**Q** 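First the structure, then my questions, so here it is.
Lettering of chains follows the sequences in order, A, B, ..., and the numbering in each one begins at 1. Atom set for the values below is all heavy atoms of this structure, side chains included, hydrogens, waters and symmetry mates excluded. Bear in mind the structure is a predicted one, so any value in this text is a computation, not a measurement.
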There are 4 protein chains.
Amino acid sequence: MKNKLIDAALNQYSIHGYHGATMRKIATEVGIKPASIYFFYENKETLFIAAFQQLLDDHFRQMESVLNNNKNSPVNQIFSALLHGIVAHHKGDEQRTTAYISLVTSPIPKINEHLNNHMLHINDWLVESLGSFLKKSYPLMSSCEVDRVIKQWVLIGNGVFWGIKLYEGKDFTEQVELADQMIHTLFLELEEKYTK
Amino acid sequence: MKNKLIDAALNQYSIHGYHGATMRKIATEVGIKPASIYFFYENKETLFIAAFQQLLDDHFRQMESVLNNNKNSPVNQIFSALLHGIVAHHKGDEQRTTAYISLVTSPIPKINEHLNNHMLHINDWLVESLGSFLKKSYPLMSSCEVDRVIKQWVLIGNGVFWGIKLYEGKDFTEQVELADQMIHTLFLELEEKYTK
Amino acid sequence: MKNKLIDAALNQYSIHGYHGATMRKIATEVGIKPASIYFFYENKETLFIAAFQQLLDDHFRQMESVLNNNKNSPVNQIFSALLHGIVAHHKGDEQRTTAYISLVTSPIPKINEHLNNHMLHINDWLVESLGSFLKKSYPLMSSCEVDRVIKQWVLIGNGVFWGIKLYEGKDFTEQVELADQMIHTLFLELEEKYTK
Amino acid sequence: MKNKLIDAALNQYSIHGYHGATMRKIATEVGIKPASIYFFYENKETLFIAAFQQLLDDHFRQMESVLNNNKNSPVNQIFSALLHGIVAHHKGDEQRTTAYISLVTSPIPKINEHLNNHMLHINDWLVESLGSFLKKSYPLMSSCEVDRVIKQWVLIGNGVFWGIKLYEGKDFTEQVELADQMIHTLFLELEEKYTK
DNA sequence: AATGAATGAGTCTTCATTCAT
DNA sequence: AATGAATGAAGACTCATTCAT
């Protein structure tokens, strides 16, 4: 039930925003009465913090698992696969993605903190794990350049991510292809620079 | 006063979301009583539709003016300048930018419609105006490729835009630099392909 | 304009009741702004007291004029004509009739007072004027009986009056006919008793 | 509590009209807070529709029971008793009677519909039940005449009913007596016509 | 003669929350 | 584990009224 409540909370949040996601709507969605929510969560804020926590954790776990499934591919394919993996994850659960996007403009301070930590966490993890792959393939790359490549990849990823709410169907598929091409170009440069 | 109300509405919206942007908060921000708002706008929805309309119009006008100020530069600089211009515009008015981002997850159907129209409008305009610059510089480019370049540029722009809320200070400046590099690469390819 | 306001007030009152007849609705109906009403009437209560006063005065004047036009007919025809006259007056201005009915349940004490005075006034007038006609035709009738006949006539009139809101078209016409028959019977009795 | 709310709603309605019968006044009358009303009724309109429904149902049941208690008396006494019964019912609960009268000028369309149905229902019922009594006593009466007698009786009843708000104490008692006399006359005619 | 701008009080209604059961 | 009943605070909005113009 706690999980059903979190799902409902995220869903309502994604549709109506924090103030519009009322306890009643959430309760109705899981088939209980508003008063019953308080048996599981102390109050609205607690529920939402748990919900957002889970959202971010899932998001992170998902990225880890995608990376894990591709760690034996060539670097450039890893970057590409990771992008596709994340995109697939988001597209497969648009409701949560909307929640995730809304998070960025969340009106609750505690949640913004969580989000910032999450972002730093992801960044560290990306730099560390992707960095090690890059260095393995291009041992001559400077730390600084490794950083740069990862950040550019993230920048492209952000662009695609933002497109999730802006483009639909074929238009969005095209976005992913365009991103792929740019990643490809990124690695062409590296290849040329470090492997001849 | 109608304009002051729109500003306040956007500000409150950017901070608290639609349901959290109460008439009282908006009224207080402009120094009148809640009841007085209804002298200027029929109701909350009307006020917000006017506000968002203006937000989108300003946004578009801003892009136009940036383009106008750079239309005599070389193409690659136009693309770069346009990106910087938009970023500057958004950074210079973070409150409105947050409102703009929140718009994407707005709970009011009428507003989503407006937003979609706005997006299509911008797209058309970009393809048309930037397209003509590209074709002038690289007459051999196919329409299809013109389209692709513009869309990649937009993708990078979206990445930067999304970063506005995620990065601060130097970190954000770095984002713009990274984007610039990628645009640069984009045009290097074109140069190589079409001008030798 | 003062008269237009009174008409509008009565109309709105008949539709929505006192609390539902807002200054705005009244102003809109006469094509001015609410604030302008206060140039003509001190406040809502004053306006309505004037309106009701006029309503009752008109009502009374109407009855007088009907009686005047028939004062040379035989008594029984006077009674019948008076009934028809009143009914015609009310049917011809249903809006005011509704207002008149609503008056009886008015929530404003001052108005109830007015109404009571009006009722007493009408009663006195009826007893006096109709009484004199009766006594002229049936000199042997006791004051007490004169009173009784008038009151029965009023009772029938009240029945018809109440029917204005309950019956429509032919159904209402039938009511008036039924009333006529009963008045006829009333005078048959008198005839039998006093003129043989 | 739902019933207490209905009583309070009718009482406030009878005093102040629909728009003047505020949720606050109703809540106060039953000793709860306005917000609590919404636990029992969806909104103001729902509450009032339930209230008026009950008012009309009670009214009808009352008439039925009066008729039932007198069905073995002679016809003319049935008519008289029914009148007295209805009058007693109304006089015994003036608050509800005022509500009933106000209903006729109610500003809510749904309620007017209910009222119309109620009136038709009562009419049918009167014609059917009183009609059968009349025919039993005067087998030679035509359906048409049966109809007429009933309608005249109703007309007198309406007159008395309307008098409830106009007359007080002895004056009202007199109204009932006058009505009684007229009913008496009505049956004298029938007696003379059909039983000699 | 009329109104634009403003407001305090009050309207219906919803919200998060509580607590006894 | 769940809810019926209740509520204080706040939500959007309306109302009668004022006053400078």
**Q** Over all heavy atoms of both residues, which pair between C:Trp162 and C:Ile101 is shortest? Give the atoms and the distance, please.
**A**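 Smallest interatomic distance, heavy atoms only, reads CZ3-CG2, 4.2 Å.
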**Q** Between the side chain of B:Thr46 and the main-chain N/O of B:Glu42, is any donor-acceptor distance below 3.5 Å?
**A**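 Absent.
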**Q** Before you tell me yes or no, could you show the steps for D:Tyr100 and D:Phe161 under ring pair (Phe, Tyr, Trp, His ring centres under 6.0 Å), namely the whole-Å CA-CA distance, both residues' side-chain angles and the distance that decides it to 0.1 Å?
**A** CA-CA 11 Å; D:Tyr100 189 84; D:Phe161 180 66; 5.4 Å; yes
**Q** To check you understand the geometry: which heavy-atom pair defines the closest contact between D:Ser14 and D:Ala99, and what is its length?
**A**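 That closest heavy-atom pairing would be CB-N, 3.5 Å.
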**Q** Could you check whether D:Tyr41 and D:Phe48 have their ring centres less than 6.0 Å apart?
**A**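 Ring centroids of D:Phe48 and D:Tyr41 are no less than 6.0 Å from each other.
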**Q** Closest nucleotide of DNA chain E for C:Phe40 versus for B:Ser36: which of these residues is on the 5' side?
**A**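 Nearest nucleotide further toward 5': that of C:Phe40.
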**Q** Would you mind listing every side-chain hydrogen bond (donor to acceptor under 3.5 Å, both in side chains) that reaches into residues 26-38 of chain D, with sequence neighbours excluded?
**A**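 Residue pairs with at least one partner in residues 26-38 of chain D: D:Asn11-D:Glu29, D:Gln12-D:Glu29.
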**Q** May I ask you to establish whether C:Lys44 and C:Tyr18 are in a cation-pi arrangement, using a distance under 6.0 Å from NZ or CZ to the six-membered ring centre and at most 45° from the ring axis?
**A**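 Judged by the rule, C:Lys44 and C:Tyr18 form a cation-pi pair.
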**Q** What does the 5'-to-3' dot-bracket notation of DNA chain E look like when only Watson-Crick and G-U wobble pairs under 3.5 Å count, and pairs to other strands show as |?
**A** .||||||||||||||||||||
**Q** Among all residues two or more places apart in sequence or in another chain, which pass the side chain to side chain donor-acceptor pair (under 3.5 Å) test with C:His90?
**A**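 Here the qualifying residues are C:His59, C:Thr97.
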**Q** All N/O contacts under 3.5 Å from nucleotides 12-16 of chain E to the protein, with atom names and distances to one decimal?
**A**
| residue | atom | partner | partner atom | Å |
| --- | --- | --- | --- | --- |
| E:dC12 | OP1 | D:Met23 | N | 3.3 |
| E:dC12 | OP1 | D:Lys44 | NZ | 3.1 |
| E:dC12 | OP2 | D:Met23 | N | 3.1 |
| E:dT13 | OP2 | D:Tyr38 | OH | 2.7 |
| E:dT13 | OP2 | D:Lys44 | N | 2.8 |
| E:dT13 | O5' | D:Tyr38 | OH | 3.3 |
| E:dA16 | OP1 | A:Lys44 | NZ | 2.9 |
| E:dA16 | OP2 | A:Met23 | N | 2.8 |

**Q** So, for D:Ile37 and D:Leu47, which heavy atoms are closest and what is the spacing to 0.1 Å?
**A**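 For D:Ile37 versus D:Leu47, the nearest heavy atoms are CG2-CD2, 4.3 Å.
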**Q** Side-chain polar contacts of residues 20-27 of chain A - donor-acceptor pairs under 3.5 angstrom, sequence neighbours left out - could you list them?
**A**
| residue | atom | partner | partner atom | Å |
| --- | --- | --- | --- | --- |
| A:Thr22 | OG1 | A:Lys25 | N | 3.2 |
| A:Lys25 | NZ | A:Gly20 | O | 2.9 |

**Q** Could you list where the contact with chain A starts and ends along DNA chain F, reading 5' to 3', using a 4.0 Å heavy-atom cut-off?
**A**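 Range of nucleotides within reach of chain A: F:dA1 to F:dG4.
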**Q** Using a cut-off of 4.0 Å on non-hydrogen atoms, how would the nucleic acid contact of B:Ile37 be classed: base, sugar-phosphate, or nothing?
**A**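 Contact class for B:Ile37: none.
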**Q** Quick check on DNA chain E: between B:Ile32 and C:Gly31, whose nearest nucleotide comes earlier from the 5' end?
**A**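 This one resolves to C:Gly31.
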